[in-house]
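Every chain is numbered from 1 and lettered A, B, ... according to where its sequence line falls, protein lines coming before strand lines.
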Amino acid sequence: MDFNHKEVEKRCKAFWADNETYKVSIDPSKPKFYVLDMFPYPSGAGLHVGHPLGYIASDIYARYKRQTGFNVLHPMGYDAFGLPAEQYAIQTGVHPADSTDKNIKMYRAQLDNIGFNYDWDRQVKTCDPSYYKWTQWIFIKLFEHYYDTGEKKAKPISELIKLFGEGGSASVKASHANETDFSAEEWSQMTAKAKDEILMNYRLAFRKVAYVNWCEALGTVLANDEVKDGLSERGGHPVEKRPMMQWALRITAYAERLLEGLNKLDWSESMKTMQRNWIGKSTGAQVFFQLADSDDKIEVFTTRPDTIFGVSFMVLAPEHDLVASICTDEQKSAIAAYVTEAGKKSEIERMAEGKTVSGCFTGAYALHPFTQKKIPIYISDYVLKDYGTGAIMAVPADDARDRKFAEKFDLEIVEIVDKSGYPDAGIGDKVGVMINSDFLNGLKVKDAIKESAKQLYDHGIGKRYTNYRLRDANFSRQRYWGEPFPIKIKDGVSVAESFDNLPVELPSLDDFKPTAEGKSPLAKVTDWVNTPDGTRETDTMPGYAGSSWYFFRYMDALNNQSFASQKALDYWQDVDLYIGGTEHAVGHLMYSRFWTKFLFDIGEVRVEEPFKKLINQGMIQGVIEYIYLAKEKTNGRSKFVCSKIAQQQGVDNFSKLPIHVDFVEDYGSHNSYINRAGIEAFIQWRPEYKDAIYECGLGTYDMGSFKSKSDATDSMLYTESEVGKMSKRYFNVVNPDTIVERYGADCFRMYEMFLGPIEQSKPWDTQGIEGVAKFIKRLWSLYYTDGEWRVTNDSPNKVELKALHAAIKKIRKDLEAFSFNTCISQFMMLVNELKKQNTSSEVILKDLVRLIAPFAPFLAEELWSKLGHEHSVHHSEYPEFQESYLVEDTITYPICVNGKKRSLLKVANGLAKEEIEKMAKELPDLDRWLDGKQVVKIIVVPNKMVNFVVK
RNA sequence: ACCGAUGUGGCGGAAUUGGUAGACGCGCUGGAUUCAAAAUCCAGUUUCUUCGGAAGUGGGGGUUCGAUUCCCCCCAUCGGUACCA
């Protein structure tokens, strides 16, 4: 009997379903282990072979952990709200719920095909009201809490109100925006609306003005990646920044804890560094600059208060609140023009244009806090509104960007640091001695930073301050397909829905276009918006709302009394292993950590960090094949040429057209080409090019016939190969279903792992799978030969035992290190050795089945049952290795001369260093390397090598 | 521009603490088997070579008896940059 993967897969799937093999429940008798995959968004394109890479790795690990005695939670679900479904709805009228459901069904079928061990009873969907009920519930909790900076935790707003009533704003230490001081009495006399506005500055979920990408022509707000060079990607219409009142989450309150929490996590250092840099803690000083002709002050944050005497101008972000009011009449039109231009640029563009400086003078002046000198105030897009205070004191002498700006606008540059003692130091380096700086003169930079901060405080000009780059999270989207906010606005006051009224369900809709004013389509559902106790918020929550806490829901996914029971939270605690891509480095992973800390503060979860260990899987890329199309037509006809011809004639004269990889011979290689059949397939696919000319070195294909230049019979039109994204737009998508159909799920799984380290990106090559397919056949042939079961109860020999136990040792070790590719190599070596030994011993073959079960679950299950077992192999024990089988009798040392291998020496294991040295000296093949040389030293590294150092 | 990662044969990759560079595969070449093909099996496969060797892990420099591994500089590619998910 040959291995028939289709039959075996069918049989195993039924067996697993009947026996609920992967169902998991709380079991205090076993240690828990929670393996989580990143939440997939079910896109209409379905899965390609790159998506399951991380899922296969986590599946293997989860199975391995189960076999080593853990109670393993391994769930899956869908991050089902999102822009693509809404965009599709606008285009086609298909309700996002319907298209999402359809996509989920397709995903599920594809996932099932690969044989994952998910407990599907725990599936969650973020767009399901029974799920988003709890997303809304958490939002209300955020809304009803503030962050106490004294106790360093979230506390109920009711306590804040009490404190305000007793001692006014001064009695409160809390994260907040907009400093407003008031007494207890003033508080008691405020209107409800005024109180609400004050409280908004403290709530962890709050409303504030934020900027959106507004596209007038499309009448809609655009996502950042829908905007290219200040124009909409669709249609190329102008886009501008527009202020809008929106919800935000005060993640900045947690900045310090998010930073500290990283130290305890088993994440890669690079991932932690990215999060640290994103949080961007810097210590320095807050300084106030009085305006020359007004009572207003400009607040700046600087890490270099020591350079205060070098300040010769100030720069505000174009969006800064003061720009409009301070700007003089003469400058109004210039400023307005500059603000408009800056509004068209994205932050990346602003920063990427580091080399070209732009800006505009406001006409206003500030007073230097120490010298009272008038200093001009500019605006420039290199200052960002949301970073720091949106304003800087410019020190052209010791800041590269400020210097460029000063040079361009011919502003004064006051040298304030003498770096002559540090010839290697550049601009901005914190070394040197202060000059031209009044009371700081003669101090070293480090001391000057301290002294200046002290003086600023003593003079009431500023104070020590810690700034974070992290910004509060914008939590509003002007979209339909997202969680509705459980908020009503009555008389200008935001009121949370009572918990009994949750979920606030999305009303049905059939026109998904936004309103003319840029509001969410929900604004059109007037009978939903207008209620007796206020108007509903019509924005919806962003994609990351549902994904910021889903890992807790899996612990008790069907609970309708709470988001998860106390019992489940006590038992499962947190995620032990999370596998996902680095693209989530600072988004999802930061928000999830923030929500978890908040839920911890209010006593809802047991842990402060959600993900103990994190592994980042790389991407599987595709091969993109291009053909060259001449930009100029030949006699009115399109002309394609061979890549070699294009290079000769200059590639600028051609445009590159991605072509379906199936048409290309030897695709992915330097010599990929399309032959006549390929050209004809291409024409069938793109009929608009049926009249085109296809020229290559061998001849020309023209209107159905090939005119050869020599005696060639077929066209060989070279294409250009590139490694890149696997995507519909490049016509290079490989569907896992196709591979599973042909080779089987076990083969597909093992090949994905065999491709390379899980953390690295690598290109997909379908051809390479043959090696794994052969391996599986060879493995199967150890159990069946010509349809005959050949496992016997013969005793294994020494070589077999050594091969097996070496493999067990290596595979266990590599699994713990998430080095799946080397596990597969080890399996291959083991099977090669067992084939050579013609092994039939059950002792060996039984362990091999259990060893490979996590990798090839179908094949293993089948063989396990054939070996006479009733219960699933996936609940069997993982094999242990015995060191005694692995002891080597002899060791072969490489003998090197000056680090180059010149000979080999086989000696008994455990031989003393001196003996090895002595034997090495006597090796005849070393003579030619040692003759006439002086041996300076002989280095013997036990079990490794011997090196002769000669002169 | 900034932050992070990666770079080793024709290709994917291996080398656990600084110790035999190229394990395990793909592909290719030759052979066996076959009417033939597929499949299978065996052998070879970094490059150059005067066949003695020499060079070689993106490029340049350094530390070391010894560097893919550690340090400095540079280049290229990929991910992220706050409304794609």
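With 3.5 Å as the limit, one finds a donor-acceptor pair spanning the side chains of D814(A) and T822(A). A donor-acceptor contact closer than 3.5 angstrom links the side chains of D402(A) and Y382(A).
Residue L755(A) is classed as a sugar-phosphate contact, given heavy-atom separations below 4.0 Å to backbone atoms only. In this structure, S547(A) reaches neither bases nor backbone, as no heavy-atom distance under 4.0 Å exists between it and the strands shown. Across all strands shown, N277(A) has heavy atoms under 4.0 Å from sugar-phosphate atoms exclusively, and none from any base. Among the protein residues, Q246(A) comes within range of the nucleic acid bases, having at least one heavy atom under 4.0 Å from a base atom. Nucleic acid contact for Q478(A): base, since at least one base atom lies under 4.0 Å from a heavy atom of the residue.
Listed pair N832(A) / C24(B) fails the phosphate criterion, with no side-chain N or O lying under 4.0 Å from OP1 or OP2. Side-chain nitrogen and oxygen atoms of K810(A) include none within less than 4.0 Å of the OP1 or OP2 phosphate oxygen of U16(B). Look at R778(A) and you'll find a side-chain N or O under 4.0 angstrom from OP1 or OP2 of C41(B). Side-chain nitrogen and oxygen atoms of R471(A) include none within less than 4.0 Å of the OP1 or OP2 phosphate oxygen of A82(B). An OP1 or OP2 oxygen of C41(B) is reached within less than 4.0 angstrom by no side-chain nitrogen or oxygen of K774(A).
For the P atoms, the distance from G10(B) to C28(B) is 16 Å, rounded to whole Å. For the P atoms, the distance from C24(B) to G79(B) is 34 Å, rounded to whole Å. On the P atoms, G4(B) is 44 Å away from U49(B), given to the nearest whole Å. A gap of 24 Å separates the P atoms of C78(B) and C73(B), to the nearest Å. Between G19(B) and G31(B), the distance separating the two P atoms is 42 Å to the nearest Å. A43(B) and U50(B) are spaced 29 Å apart, taking the P atom of each and rounding to whole Å. Nucleotides A14(B) and U69(B) are separated by 14 Å at their C1' atoms, to the nearest Å. Taking the C1' atom of each, G27(B) and G13(B) are spaced 14 Å apart, rounded to whole Å.
Taking only side-chain atoms of M274(A), from C-beta outward, the nucleotide of C83(B), G79(B), G80(B) with the closest atom is G79(B). For S270(A), taking side-chain heavy atoms from C-beta onward, the closest of the listed nucleotides A5(B), C26(B), G19(B) is A5(B). Here the side chain of V212(A) is nearest to one of G19(B), A82(B), C83(B), namely C83(B). The nucleotide whose nearest atom lies closest to any side-chain atom of I348(A) is, among A1(B), G27(B), G79(B), A1(B).
Counting non-hydrogen atoms of neighbouring residues, nucleotides and ligands closer than 6.0 angstrom, the NZ atom of K272(A) exceeds 12 such neighbours. Remark: K835(A) NZ is packed, more than 12 non-hydrogen atoms of other residues, nucleotides or ligands lying under 6.0 Å away.
Nearer the 5' end of RNA chain B, as judged by each residue's closest nucleotide, is the contact made by K944(A), out of K944(A) and F81(A). Checking G756(A) against V941(A), the closest nucleotide of RNA chain B that is more toward the 5' end is the one next to G756(A).
None of T540(A), D539(A), T538(A) except one satisfies the side-chain hydrogen bond (donor to acceptor under 3.5 Å, both in side chains) rule with S476(A); the exception is D539(A).
Centre separation under 5.5 Å together with a plane angle under 30° does not hold for the ring of H588(A) and the six-membered base ring of A85(B), so they are not marked as stacked.
Counting atom types as modelled, Q760(A) pairs no side-chain N or O with a base atom of C78(B) as donor and acceptor under 3.5 Å. Side-chain N/O atoms of Q767(A) and base N/O atoms of C11(B) include no donor-acceptor pair closer than 3.5 Å. Side-chain atoms of N947(A) come within donor-acceptor range of the base of C65(B), with a qualifying N/O pair under 3.5 Å.
Applying the 90° cutoff around 0 to the glycosidic angle, G9(B) is assigned syn.
Between E770(A) atom CD and C28(B) atom P the separation is 11 Å, expressed in whole Å.
Residue R234(A) holds its CZ atom at 5.5 Å from CD of E226(A), rounded to the nearest 0.5 Å.
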For this session: Take N947(A) and I938(A) through the side-chain contact (heavy atoms from CB on, under 4.5 Å) test and state the conclusion after the steps.
Result: CA-CA 6 Å; N947(A) 191 24; I938(A) 300 173; over 6 Å; no

